[in-house]
Amino acid sequence: MQQFASACEAIAATTKKLAKTAIVADYLKSRSLEEAAVSAVFLSGRAFPAWEETTLQIGGRSLWQIVAELSAKSEADLTAAYRRSGDLGAVAGEVFPVRRGQGTEILAVEQSFRQIAAARGPATKIELVRDLLSRATPLEAKYIVKIMTGDLRIGLKESLVEEAIGKAYRTTLADVQRANMLLGDIGQTVRLAAQDRLGEARLRLFHPLGFMLASPVESAEEALSYFERAAIEDKYDGIRAQAHVSGGEVRFFSRTRDDITESFPELPDALAGLPRDAILDGEIVAWEYSTGRARPFSVLQQRPGRKKVSDKMLREVPVAFLVFDLLYADGHLLIDLPLHERAKMLDELLAAERVLHHGDTEPQRKARQKELQFNAENGVARASVIRAQVFRAASADELEELFAAAQERGNEGLMIKDVDSPYTPGKRGKAWLKMKRELATLDVVVTAVEYGHGKRIGVLSDYTFAVWDGDPMTNEARLVNIGKAYSGLTDAEIAEMTGWFLEHTLEDQGFRRVVEPKIVLEVAFNNMMKSDRHESGYALRFPRIVRLRPDKSPEEADTIERVKEIYAKQGFDSRNLR
Ligand code: AMP
C-alpha cells in the first residue's frame, strides 16, 4: 500500500496529464497482476469495481471519530486541519502519529474493504475500519481514507487510468475504453489488457452502461447547424433511466448507476413481457393517463427517493417509462449502429409489446386510456412503457413550432439527435442536443448559505453558488462564485437542506455559513452581465433555482468556459435578452 500511496503523491504533484499517466503506467507494471487490478480500481477513486453494488456504508462521522481516536487529537485540532484541506484523508495523513502502523498490503486493504462492506451494523464496521487504519502508516491511512470517502483528489480521472493501462500493456486506448465501458470494472480491464484478451470483454446485463448526454443549444438555428438529419423528441422532465430486461427480470438504473427499481415497483411488470433480452434508454416521468401527458417533475419528486413506495403514492403519482433508445437486444450490443437503425429495432421490439404509442389512432388511444383509467380507479397501480414520439423538422421555423408544441404539452423542450450517430456512453457530444425552456441554465455548486427573511427567518434559504474555474477533475480547479438566489425550492426541501448545511458548515459567520461544496443546483436566469460583484467576473440577472440536482456530483457542475459561451451567444441571438 505504501507504493500505491507514494505513486498517488507523485501523481498529485504534477499537473501534466502525460506525466500522471506515465506514473500510473510505471506503477501498474511494477506490481503483480492482482495488485495492479486492485490498484486500478482504487486509482479510480473507488473501493470496489463500478458494476458491483457493494458499498462500504460507513458514515463520514464514524470515519472522523476513528481518525480522532487513532491520532489522539482534539476535535478542535481535527476541525482546523479539515478546514485547511476539506479532505478527511489528508487530515488522517497529517495527524496520524508517524510510528503508529507497520504498513499494510494493497490486497489486504481490498480484503478489509470487503469485510467492512459485508459486516452488519455500525459497531462491527467501525471495529474493522479501526483495525485497518491502525495497521497503516500515516501515508497509507491518507489514501485508505480517501478511497473510503470516494475521492482521491489527485487530479486523476478514470479516463487517465484507462490511458495508463493502454500505455502499460501496449494496447490501444480505444480497446481499453471499450472493455471498461462494457465491464464497468477497470480492474478486470487490467487483467484482460495484461493478457492481451481485451477483445473478450462482454457486456454484463444488469450492470448499467454509461448514459449518452446532450449539449445545450441556444437557438433553433444553432440546433440545426451540426448535422444533416435530425430526429426530434420532446424533452421529458423526469428521471433518466436505463432498463435491463431479461425474461421476467427487469431492473432500472439511474444516471448515477444506482439501481432504482425499488422506487418504481410498478414499472418492471410493464417490460417483463418483452420477447427478447434488451437494454432500453428512457425517462421515467409522472404520467397523466387521462390526457396522455407528462406531469411536472415536481410531481414525480413527491415520490420518495429510495424508500418503499406506498400504495397511495402508486395511485396518486402513476408513472410511465418514455423509451427513446435501444442499446442491446438479443445478445447484441447495438451502440455502434446509427440512431436510425437502433430506433427501427426499438419500434419493432416494442410493437411486440402492448404499449401505448403516441402514434396510435384516436380510437386505439381512447380504448387504451380507458383501460388504464379503469385500473387506476380500481386501485391497481399500473405503469406503461411508451415509445417517445419522433418528429422531423426541415427548417428552424418548423423546429420552433415543435418547441412551442412540446412546451404546450408541458415538456421542457426538445432533444435534437443526429440520426446517423452511434450511442456514446458517458459522453456529452454534439450528436444529441437539448433545447430547453429556459434560454440557458447552469449547474452550480452551493458554496455559502444565509438565513432568509420573513417566514424563512429560521431556515438557510439564500444560497451563494459557484462554477468551476479550470477542469473540475484536476487539483487546480477552484470554485468561483457567480450569483446568489433565494431558494425556489419547496419548504420541505429547504428544511432538509438547512439540516444538511448545518451539519456541513466549514465556517460559521453568524448569519452566513460557508458550506462544503457538495450540493449541485440547476439555476435559470434571464441574462448574464459582466460584473465584478462576484469572483467569476460575471453576474446573472434574475437568477432562480430550478431544482436540486442530487444526481450530479460537484465535479459535474458547469465551468466558467460554459459561462463565457453563454455570454458570447447572448449577442448572437437577441431572443436571449427577453
Ligand atoms: P440535462 O439533464 O439538462 O443535461 O438534459 C439531458 C437529460 O434530458 C437526459 O439525461 C434525460 O434525462 C432527459 N431527457 C428527456 N427527454 C429525453 C429524450 N427524448 N432523449 C434524451 N434525453 C431526454
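All residue numbers refer to positions in the sequence shown, counting from 1. Every heavy atom of this structure was used, including side-chain atoms; hydrogens, water molecules and symmetry mates were not. Each ligand, and each atom within it, is numbered from 1 in the order the structure gives. Nothing here was measured: the structure is a model prediction, and the numbers come from that model.
R240 and E283 are not joined by a salt bridge, as no carboxylate oxygen comes within less than 4.0 angstrom of a charged side-chain nitrogen. Between K484 and D462 there is no salt bridge, since no side-chain N of the basic residue sits under 4.0 Å from a carboxylate O of the acidic one. Ion pairing of D237 with R547 is present here, as a side-chain N (NZ or NE/NH1/NH2) and a carboxylate O approach within less than 4.0 Å. Using a 4.0 Å cut-off between charged side-chain N and carboxylate O, R478 and E535 make a salt bridge.
Remark: K344 NZ is loosely packed, at most 12 non-hydrogen atoms of other residues, nucleotides or ligands lying under 6.0 Å away.
Applying the ring pair (Phe, Tyr, Trp, His ring centres under 6.0 Å) test to H504 and every residue at least two apart in sequence or in another chain returns W500.
Within 4.0 Å of ligand 1, protein heavy atoms belong to E233, D234, K235, Y236, R240, R255, E283, F324, M415, K417, R428, W432, K434, K436, R549, listed by chain and number.
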